[in-house]
Amino acid sequence: MSENIFEDAISRLDKACKESDIYPEAIEQLKHPKQVLEVSVPVRMDDGSLKVFKGFRIRHMDFRGPTKGGIRFHPNVNREEVLALAFWMSFKCAVVGIPYGGAKGGVCVDPKSLSRLELERLSRSYVERIADFIGPDLDIPAPDVYTNAMVMGWMMDEYSMIRRKRTPSVITGKPIPLGGSLGRDDATGRGAYYCIKEMEKENAWNPKEITVSVQGFGNAGQHVARLLFADGYKIVGISDSQGGIFLEEGFDVPSIIQMKEESKQVKAVYCKGSVCETIDAKHISNQELLELDVDILIPSALENQITAENAPKIRAKTIVEVANGPVNSEADSILLEHGIEIIPDILANAGGVVVSYYEWLQNRSGQYWQEEQVHQKLRETMSDSFQKVLTMQKRKHLDMRTAAYVCALDAIGESIAAGGTMEYFTNMI
Ligand code: NAD
């Protein structure tokens, strides 16, 4: 993991600022997080011993509303990474027009090494440490890598016990019976799918002729693969942390999802009813998967997967960034030179935070929506945001990422300016 991931994120801000009318003083504020909290998270292990894990919660900016962002449990979690992820959340919320600023949290832990009871104790202990930093009008966490709906449910329960009142709107991505929203589970993958559908219209693609590879087969990766497969796209490469598989004629995605659930591995299988058989597929490394000659590459795992080192070898025509920060800024320039289109993370994976916003609205109003309503509203939001970014790209002759940042900067700049700028206070306007 690059130690300079936050600096790398800032370099993109600098590039976009040249194209935006945002006030310089606003830019300066965006380069620094509003609040950084580092905590130690003690957990009683099953064998009776006590372990202490390092955790973070960082609020980047709250000009547009309370802060929002996921919680990650991963051995690589560190301050710089959480800071970059919080920063990206601010721009993501702004580009899709939802009234939040960005935040992120995480615990440096290998969750796969914990028992279920240890995982629950860790989740509760982390919330106990950050409880004064979060709240429905302050900062609202959600799931991220290796955290899921059940973890969110434990966290909401712990927060409610601390506050001595049921507070579902403190966290999103909860199980449905605990106040979760229908349509939240697949929202990130679905949001990316709606972006691809806009690309399909723009480029008059025939899905049956479009090949796709997906790196990372967790929540986000599985859903985008499933939805594209249902439309006829050919998913030829899939990987997870243990490696990848390739099949030229394309995989039967639902079968692979079923096997991944059962065996915790990505295996090439074909299922008919409940009968599944392993089929011949080439085993490939994650690096090979990234370098496949496909129409669409969907990185859905972690950041910094495509860097200056492997960017020259990327053969995909379009990259849809479902993961946060999978392409670093050095790689950006190389890919652009090679004519590779990138649908940037702050747009492509915004579906999750959009439906998290719907969940928060439902928790606060006490009225719950049908799944169809969630899908329809998400589709409108993603399609409108995609078109807004595309219009900016064409108007200013930018790449998609810079165009998305300029759209976000315009929205953030308006909120900051509404509170007064140097020009206003020195009576120059
Ligand atoms: P997840 O934990 O459900 O899945 C992560 C997947 O990545 C797993 O299949 C894991 O095996 C795989 N993986 C881990 N390391 C890998 C590696 N080195 N190479 C290939 N695969 C690897 O996580 P998720 O929620 O699907 O998140 C994936 C990405 O999407 C992250 O970057 C996350 O920040 C981003 N994201 C998620 C959401 C959401 O709502 N879940 C929203 C926005 C963005």
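Read the numbers this way: they start at 1 and go in the same order the structure lists the ligands and their atoms. Nothing fancy with the numbering, it's 1 onward along the sequence.
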Near ligand 1, at a heavy-atom separation below 4.0 Å: residues by chain and residue number: Arg72, Asp144, Val145, Tyr146, Arg184, Thr188, Gln215, Gly216, Phe217, Gly218, Asn219, Ala220, Ser239, Asp240, Ser241, Lys260, Asn286, Ser300, Ala301, Leu302, Val322, Ala323, Asn324, Asn349
Run the salt bridge (charged side-chain N to carboxylate O under 4.0 Å, His left out) test on Arg79 and Glu38 for me, step by step, so that the C-alpha distance in whole Å, both residues' side-chain angles and the decisive distance to 0.1 Å come before the verdict. CA-CA 8 Å; Arg79 186 183 182 280; Glu38 183 174 330; 5.6 Å; no
Check whether any side-chain heavy atom of Val77 lies under 4.5 Å from a side-chain heavy atom of Val107, and answer yes or no. no
Can you tell me how the ring of Tyr358 sits relative to the ring of Trp369, calling it parallel under 30°, perpendicular over 60° and tilted otherwise? tilted
Classify the ring geometry between His74 and Tyr146 as parallel (under 30°), tilted (30 to 60°) or perpendicular (over 60°). parallel
Test applied, side-chain contact (heavy atoms from CB on, under 4.5 Å); reference residue, Trp154; option that passes from Glu158, Met150, Met156: Met150
Kindly determine whether Glu81 and Arg72 satisfy salt bridge (charged side-chain N to carboxylate O under 4.0 Å, His left out), including the steps that lead there. CA-CA 10 Å; Glu81 183 191 57; Arg72 177 174 292 195; 3.2 Å; yes
